[in-house]
Number of protein chains: 2
Amino acid sequence: MNKQMLQRYATRAEILKALAHPTRLFLVDRLSRREHCVCELVELVGVDFSTVSKHLSILKNAGFVTDEKRGLKVFYRLRCPCVADFFRCVDTVLRLNAEEKLASLSK
Amino acid sequence: MNKQMLQRYATRAEILKALAHPTRLFLVDRLSRREHCVCELVELVGVDFSTVSKHLSILKNAGFVTDEKRGLKVFYRLRCPCVADFFRCVDTVLRLNAEEKLASLSK
DNA sequence: ACTGTATTTGGTTATTATGGAAAATAAGAA
DNA sequence: TTCTTATTTTCCATAATAACCAAATACAGT
């Protein structure tokens with residue numbers, strides 16, 4: 001793999017990495033329904049607010065969400081509905097895995 | 001987030017994490033065209049064979065690929081064509097990011 | 001059984017990611 | 001201005017990841 005190709009895949013890996021964390025998946029799932037301020041998300045997730053804030057900034061840097069400050073609060077919303085594609089594929093893989101496990105049991 | 005929900009998102013995050021590495025993305029991309037034995041992939045990637053082997057086992061554990069031993073060689077193939085969805089979404093996000101950067105320049 | 005080839009596994013080390021505590025920043029209210 | 005709330009950033013300790021080398025395993029051919 002040469003430099004250019006490596007860079008190409010590295011860029012894509014960065015995007016995926018941003019999503020590859022339980023808390024961040026949860027955040028994306030929530031934001032896919034409606035916007036939320038950070039304080040609401042902190043409540044929902046149940047970890048330190050600094051942790052939530054950092055997760056949100058990772059999602060923002062990757063381009064999955066955008067933020068908007070209104071008064072004291074910062075509201076985050078999903079930027080790209082295509083994230084549903086991810087969930088769909090992940091669930092397909094999970095289903096395949098489960099089916100295979102089932103099949104291996106009944107042999 | 002309660003235990004059960006956390007587990008649900010953690011499982012999905014594991015699947016995504018398996019894909020979130022430049023080399024593994026490259027491997028999946030190659031395997032999406034046709035099966036390859038490990039030695040071919042080692043050639044293509046250009047890192048140590050033990051490293052490639054470990055990446056493949058991560059992809060296998062996640063359920064993205066399956067392997068089959070034929071003689072001395074082990075052949076890997078893609079298990080789920082839905083991986084194309086990932087690439088599509090990732091590229092959409094990348095395009096959005098690039099468009100935004102462009103727009104911010106012409107302001 | 002012995003040899004050579006293909007692959008996996010274990011060990012080591014360097015790098016990166018994670019999460020909480022505390023400090024810094026931002027903005028509305030008193 | 002001072003106080004309070006919301007959020008981000010910095011610092012630090014800990015855990016997870018990734019790469020290579022070396023050793024182990026698997027297997028076909030002699």
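Just so you know, these numbers come straight off a predicted model, no measurement behind them. To find a chain, count down the sequence lines: A is the first, B the second, and so on, and within it residues start at 1. Hydrogens, waters and symmetry mates are skipped; everything else that's a heavy atom, side chains included, is used.
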Would you say [X] places a side-chain N or O within less than 4.0 Å of OP1 or OP2 belonging to [N]?
X	N	answer
A/Ser53	D/dT8	yes
A/His55	C/dG19	yes
A/Tyr76	D/dA6	no

Next on the checklist: Angle between ring planes, A/His55 versus A/His21, binned at 30° and 60°: parallel, tilted or perpendicular?
Outcome noted: tilted
Next on the checklist: Restricting to side chain to side chain donor-acceptor pair (under 3.5 Å), what partner residues turn up for A/Thr66, sequence neighbours left out?
Outcome noted: none
Item to check | Between B/Asn2 and B/Arg8, a side-chain donor and acceptor under 3.5 Å | outcome: no
Next on the checklist: Take a 6.0 Å sphere around CD of B/Glu68 and say whether it holds more than 12 heavy atoms from other residues, nucleotides or ligands.
Outcome noted: yes
Next on the checklist: Looking at every non-hydrogen atom in both residues, tell me the closest pair between B/Leu72 and B/Lys69 and how far apart they are.
Outcome noted: O-CE, 3.9 Å
Item to check | Heavy-atom pair of closest approach, residues A/Gly63 and B/Asn97 | outcome: CA-OD1, 3.4 Å
In this structure, how many angstroms lie between the [atom2] atom of [N] and the [atom1] atom of [X], rounded?
X	N	atom1	atom2	value
B/Asn61	C/dT9	CG	C1'	13 Å
A/Ile58	D/dT9	CD1	P	12 Å
A/Leu56	C/dG19	CG	C1'	15 Å
A/Leu59	C/dT18	CG	P	11 Å
A/Glu43	D/dT5	CD	C1'	14 Å
B/Leu6	C/dT18	CG	P	14 Å

Checklist entry - Between residues 11-42 of chain A and DNA chain D, which residues have a heavy-atom gap below 4.0 Å? => result A/Cys37, A/Val38, A/Cys39
Checklist entry - Between B/Asn61 and B/Ser57, is there a donor-acceptor pair closer than 3.5 Å when you use the side chain of the first and the backbone of the second? => result yes
Item to check | Short side-chain to backbone donor-acceptor contact, B/Arg77 and B/Val65, under 3.5 Å | outcome: no
Side-chain atoms of residues 47-54 of chain B: list all donor-acceptor pairs with protein atoms under 3.5 Å, sequence neighbours left out, distances to 0.1 Å.
| residue | atom | partner | partner atom | Å |
| --- | --- | --- | --- | --- |
| B/Asp48 | OD2 | B/Ser50 | N | 2.9 |
| B/Asp48 | OD2 | B/Ser50 | OG | 2.6 |

Distances for protein N/O vs nucleotides 23-30 of chain D N/O pairs under 3.5 angstrom?
none

Checklist entry - Which pairs pass disulfide (SG to SG under 2.5 Å) with one or both residues in residues 26-94 of chain A, sequence neighbours excluded? => result A/Cys80-A/Cys82
Next on the checklist: Under 4.0 Å, counting only non-hydrogen atoms across every strand here, what does A/Phe75 touch: a base, just sugar-phosphate, or nothing?
Outcome noted: nothing
Next on the checklist: At 4.0 Å (heavy atoms only), tell me whether B/Val47 reaches a base, stays on the sugar-phosphate, or touches nothing.
Outcome noted: sugar-phosphate
Next on the checklist: If the threshold is 4.0 Å, N to carboxylate O, is there a salt bridge linking A/Glu40 and A/Arg30?
Outcome noted: no
Next on the checklist: Do the side chains of A/Arg12 and B/Asp91 get close enough for a salt bridge, i.e. N-O under 4.0 angstrom?
Outcome noted: yes
Next on the checklist: One character per nucleotide, please: for nucleotides 10-15 of chain C, 5' to 3', B when the base has a protein heavy atom closer than 4.0 Å, S when only the sugar-phosphate does, - otherwise.
Outcome noted: BB----
Item to check | Among D/dC21, D/dT8, C/dA21, the nucleotide that comes nearest once only the side chain of A/Val74 is considered | outcome: D/dT8
